[in-house]
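Chain naming here is simple, since letters A, B, ... match the order of the sequence lines and numbering starts at 1 in each.
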There are 4 protein chains.
Amino acid sequence: MHVGFIGLGSMGQGMAANLLAAGHDVTVWNRSPEPVKALQAQGARAAETPAEAASEGVVLSMLADDAAVRAVILDGGVLDALPKNGIHANHATISVRLARELTERHAKRKLHYIAAPVFGRPDMAAAGKLNVVCAGHAASLERLQPLFDAVGQRTWPLGDDPVRASVAKIAGNFMLASAIESMAEASALTRAHGVSASDFLEIMTQTLFAAPAYQGYGKLIAESRYEPAGFPVRLGFKDVGLALQAGDDARVPLPFAGVAREALLEALAGGDGERDWASLATIAARRAHLDERDAD
Amino acid sequence: MHVGFIGLGSMGQGMAANLLAAGHDVTVWNRSPEPVKALQAQGARAAETPAEAASEGVVLSMLADDAAVRAVILDGGVLDALPKNGIHANHATISVRLARELTERHAKRKLHYIAAPVFGRPDMAAAGKLNVVCAGHAASLERLQPLFDAVGQRTWPLGDDPVRASVAKIAGNFMLASAIESMAEASALTRAHGVSASDFLEIMTQTLFAAPAYQGYGKLIAESRYEPAGFPVRLGFKDVGLALQAGDDARVPLPFAGVAREALLEALAGGDGERDWASLATIAARRAHLDERDAD
Amino acid sequence: MHVGFIGLGSMGQGMAANLLAAGHDVTVWNRSPEPVKALQAQGARAAETPAEAASEGVVLSMLADDAAVRAVILDGGVLDALPKNGIHANHATISVRLARELTERHAKRKLHYIAAPVFGRPDMAAAGKLNVVCAGHAASLERLQPLFDAVGQRTWPLGDDPVRASVAKIAGNFMLASAIESMAEASALTRAHGVSASDFLEIMTQTLFAAPAYQGYGKLIAESRYEPAGFPVRLGFKDVGLALQAGDDARVPLPFAGVAREALLEALAGGDGERDWASLATIAARRAHLDERDAD
Amino acid sequence: MHVGFIGLGSMGQGMAANLLAAGHDVTVWNRSPEPVKALQAQGARAAETPAEAASEGVVLSMLADDAAVRAVILDGGVLDALPKNGIHANHATISVRLARELTERHAKRKLHYIAAPVFGRPDMAAAGKLNVVCAGHAASLERLQPLFDAVGQRTWPLGDDPVRASVAKIAGNFMLASAIESMAEASALTRAHGVSASDFLEIMTQTLFAAPAYQGYGKLIAESRYEPAGFPVRLGFKDVGLALQAGDDARVPLPFAGVAREALLEALAGGDGERDWASLATIAARRAHLDERDAD
């Protein structure tokens, strides 16, 4: 299939590569040129502008946040470039508000906006093992399925309103934040009573919580290894903010999100914005003055 | 091995039965007679008093809470009955304070107190699949190992201070409460935006959160099935209280525990103390007035 | 003094009237015509546009929120209309972000932006009894002093950066929200133990908390009188949001603001957006199911 | 009137002295002898035991907490010593649970338990300016009125169930904790935006929050003066715990109390248990890393 791909960050590179590997004809665009060259070496064509990448009628994008989507997709002329019935599938985590706006703006031009956020880190993107949550125009979803198969291990369709996929992704990231905060507090508690985070989390993540989210972040906490960040505090704060905003819009109180937000903000205040958000464990320990105790 | 077993509730019955099945010589005691008869039919001897069950020198107990442990073990004469170097292994979830007191009171009499709380529900107790977290006198732990093997799938030793095993169990139950509250809030959020709890939690519990804790409670939330309770709100409130108390004693703030506590208390105020604590999902939905919206 | 006044809502009407009463020459503008006529009857001149109201060189504005300030002041051409060294004093409660933006945009055009938010309700505006918190260009503040004297009982200058006055107003409103939530929870607690909100709050507001904020809102809670709203839940939610946003910008965690936010959002979810924010007392009571108890 | 007075701490001393000054015949008891001698010099008689102080039939007590009341009143034989229809008025802040137990234990012996907690610090006790909140047997309250008049500026009766006065006192102290936390967060916010706590709190405590609670604690925060403590973090933590426990007993969620509790616990973890609880302001500042910023 002819497909455009916009946004070759750590996630987008792997995704675009897997599309090429699956035999698709991919035209890529990225703000900086290096990732473009790497993909050209794998057979991609390079577009001069985002709009050019959209001209074939199906374009995927994987951009950082709301601001990047506005700048590249809306201001970049992608909607103007898409032919009638063209499809834009957005893999990024964006706000429910922007998802709704994009849905409407595409519809007005007889284009199809598909929300297709993904769960998985860059290594899973590279391995084609993402989980793709998607929603939007049914026939378009069907048409995109071979592309989703190339980048993901499984597709999770949520119906025809793109907002649904966006909110599911936001809620999922909020659950991740909660899992981390929960491990952070629990291991501060055990540590203060003589059980190391490592010993405690080993039990938890091999029994009741034997799941990727807990095992991955539990390992970082057990080893106090927060750099380089897989997912930094800065973005975690943004995503918990998206959950709270989605809660505002639909009038849903989210007290855990409020608490996670404060902890992430305390981490930001301490200058830890670029550390992995598993470093919430250091905030829980700081509030209990645990390191000072160990130093005694 | 000759062993006494005190407390034949839904957990204790299965554990004692597995000790018998493994060939041990078990003397049981329970406040009410029915479970005693059932175990006699499987080969157990019945003790008249808790003290009698302890007279052979090794006694296990599985009682409801701090008050039951005080009433049955301390007031029941178990420490008087245990011979010198006798072992008492406590499988119940009790406070850090009582764990410390028991440790000291056993030590004064040259007895060994072993904390051996378990993770797992009654069906896992019946199947001999519990996870046994334990701490205390090393030689005693070694001696108890065949018993732990009979009731559990794996033993997780945490050193020589019994308090360590107690706090690990308490922290684990707090992580369960947090997992439930997190699913409760996240699915209220998705539901308000058009994604059912069932659809959302299916994705989560088959991907990032594919672990027993999430799958078990996620299913209850997806199906709004809170009766009969596997673990009731009333006990969940008690256990989150144990976490907060353990935090008080060691000066560890636990903001998530505070929030979970308020939600469980709201459930109690609404008369839901005997429903499964997965019904925290109804509290999150109530705060967002979701059922009234559906009724429109 | 020749002065323009933009925004004749319930607050602005009283303020403009007091300016006239003090002998100033006032040109008013308002989106809807009725309040303009009322002030013309008191001697004001009517401007056709916001820009016209600014043409004399000193303009005050009292608009609802960030959006209104953007629409009327920025899109309304006020900055274009102000002569060099002109002064715009903004009495509204706006975000720290917009305060900073306005400061910069005025400075670029050699204009002076003064933040002059006020504490006080419409009756105090009508009586000329507001408390005016202000910050900005020192000589401009001096020039404005007679105007502040006409509308307020006292002026509280906070230096030359307008953001300072904005954040003080936002923090003050957050303290009001906290005072209300505190009374809401405390009186739910006493009520559940047999002491009416009225009896309890009478003691508090005549002793330790004998201050206008507590006496005013305490009375509304004691009498369950939430309509018509002095200050509605909807605006309270907005203002607590401004505090959280100001905290984000400066990396200051505000856990009380987070909790107040959830309670206000629960009120909004229940359809109480237009009731006085003292109705947080009904949220605290709802969480404890107090009304159902009384009905028994 | 003949009256016994038990407990001559910083509050009790002033109260007993005022009873003497009003012409009452006071028999005092205290664990340590120094305050007894001081009061003997003012005309008091010294009792050898708490029971002796109760033998005349009316005894007041002002003890530190639940444990002290149990040790001195219950274990000290006060109930045995009181003649039939004797009155014990308790001025201390104790738990709702103990208030209920004391009510029942007095009633069983045909004695009258009066809860008469007071608002006011030691200087107000010395000046006879306390606010006395009271509840219990009506005729006994009437009999005690001259005593309350001697120690207080005003009496606030709450009916015949002593629990009512206890819960009002607990709820009042929770409101104080909330007022402090609210000032702590608000002034961290303004400080981060360039407005000192001193400037900000001066405005607040002279306008909307012109009440003793805010002015007293606001001054401590503005001056960062937390030693010597008027009321230490340690006792504040205990009292917020009493509010939460009273909420548990009556099923009333108190989210603000939960947040205040975490902040006080963080202060305790940092070794600040004996500083004034106004030092919550340092916790809010610590979470925002404000002191490190100032040091730059």
Side-chain angles (χ1 to χ4, degrees), chain A residues 96 119 131 133 154 156 158-159 161 163-164 166-168 170-172 174-176 178-179 181-183 185-190 192-195 199-200 202-204 206-214 243 246-247 249-259 262-263 284 287-290, chain B residues 96 119 131 133 154 156 158-159 161 163-164 166-168 170-172 174-176 178-179 181-183 185-190 192-195 199-200 202-204 206-214 243 246-247 249-259 262-263 284 287-290:
Chain A
V96 162
F119 285 105
N131 278 285
V133 180
R154 184 156 169 190
W156 304 85
L158 284 172
D161 181 356
V163 164
R164 289 187 200 153
S166 276
V167 78
I170 288 168
F174 155 61
M175 280 178 61
L176 284 175
S178 297
E181 174 65 15
S182 158
M183 284 190 282
E185 295 184 18
S187 52
L189 179 61
T190 62
H193 283 284
V195 181
D199 282 350
F200 172 64
E202 192 202 358
I203 303 177
M204 291 299 112
Q206 291 191 39
T207 59
L208 288 167
F209 296 93
Y214 280 83
D249 291 353
R251 307 300 187 211
V252 181
L254 299 172
F256 258 29
V259 170
E262 300 299 334
R287 289 174 176 172
H289 289 257
L290 288 184
Chain B
V96 162
F119 285 105
N131 279 285
V133 180
R154 184 156 170 191
W156 305 86
L158 284 173
D161 181 357
V163 164
R164 289 187 201 152
S166 277
V167 78
I170 288 167
F174 155 62
M175 281 179 61
L176 284 175
S178 297
E181 175 66 15
S182 157
M183 284 190 282
E185 295 184 18
S187 51
L189 179 62
T190 62
H193 283 284
V195 181
D199 282 351
F200 171 65
E202 192 202 358
I203 304 177
M204 290 298 113
Q206 290 191 40
T207 60
L208 288 167
F209 295 94
Y214 281 82
D249 290 354
R251 308 301 188 211
V252 181
L254 299 172
F256 257 29
V259 170
E262 301 299 333
R287 289 174 176 171
H289 290 255
L290 289 184

Side chain, backbone, both or neither: which part of [X] has an atom under 4.5 Å from a heavy atom of chain A?
| X | result |
| --- | --- |
| B:M204 | side chain |
| B:A246 | both |
| B:F119 | side chain |
| B:L158 | side chain |
| B:E262 | neither |
| B:N131 | side chain |

Heavy-atom closest pair, residues [X] and [Y]:
| X | Y | answer |
| --- | --- | --- |
| A:V252 | B:A188 | CG1-CB, 3.9 Å |
| B:V167 | A:H193 | CG2-CD2, 3.5 Å |
| A:M175 | B:A186 | CG-CB, 3.7 Å |
| A:P212 | B:A210 | CD-N, 4.4 Å |

Item to check | Rounded distance [0.5 Å steps], CG in A:L254 versus CZ in B:R287 | outcome: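 The CZ atom of B:R287 is 10.5 Å from CG of A:L254, to the nearest 0.5 Å.
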
Item to check | Parallel, tilted or perpendicular: ring planes of B:F256 versus A:F256, cut at 30 and 60 degrees | outcome: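 Because their plane-to-plane angle is under 30°, the rings of B:F256 and A:F256 count as parallel.
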
Item to check | Top contributor to chain A interface from B:A171, B:P255, B:A284 [non-hydrogen pairs under 4.5 Å] | outcome: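 Most heavy-atom pairs under 4.5 Å with chain A: B:P255.
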
Checklist entry - Do you know which of B:G159, B:A179, B:G172, B:A263 has the most heavy-atom pairs under 4.5 Å to chain A? => result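 That would be B:G172.
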
Next on the checklist: Counting only non-hydrogen atoms closer than 4.5 Å, does A:F209 touch chain B with its backbone (N, CA, C, O), its side chain (CB onward), both, or neither?
Outcome noted: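 The answer is both parts of A:F209.
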
Checklist entry - Who wins among A:T207, A:I203, A:V96 for the most heavy-atom pairs under 4.5 Å with chain B? => result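 With the most close heavy-atom pairs to chain B, the winner is A:I203.
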
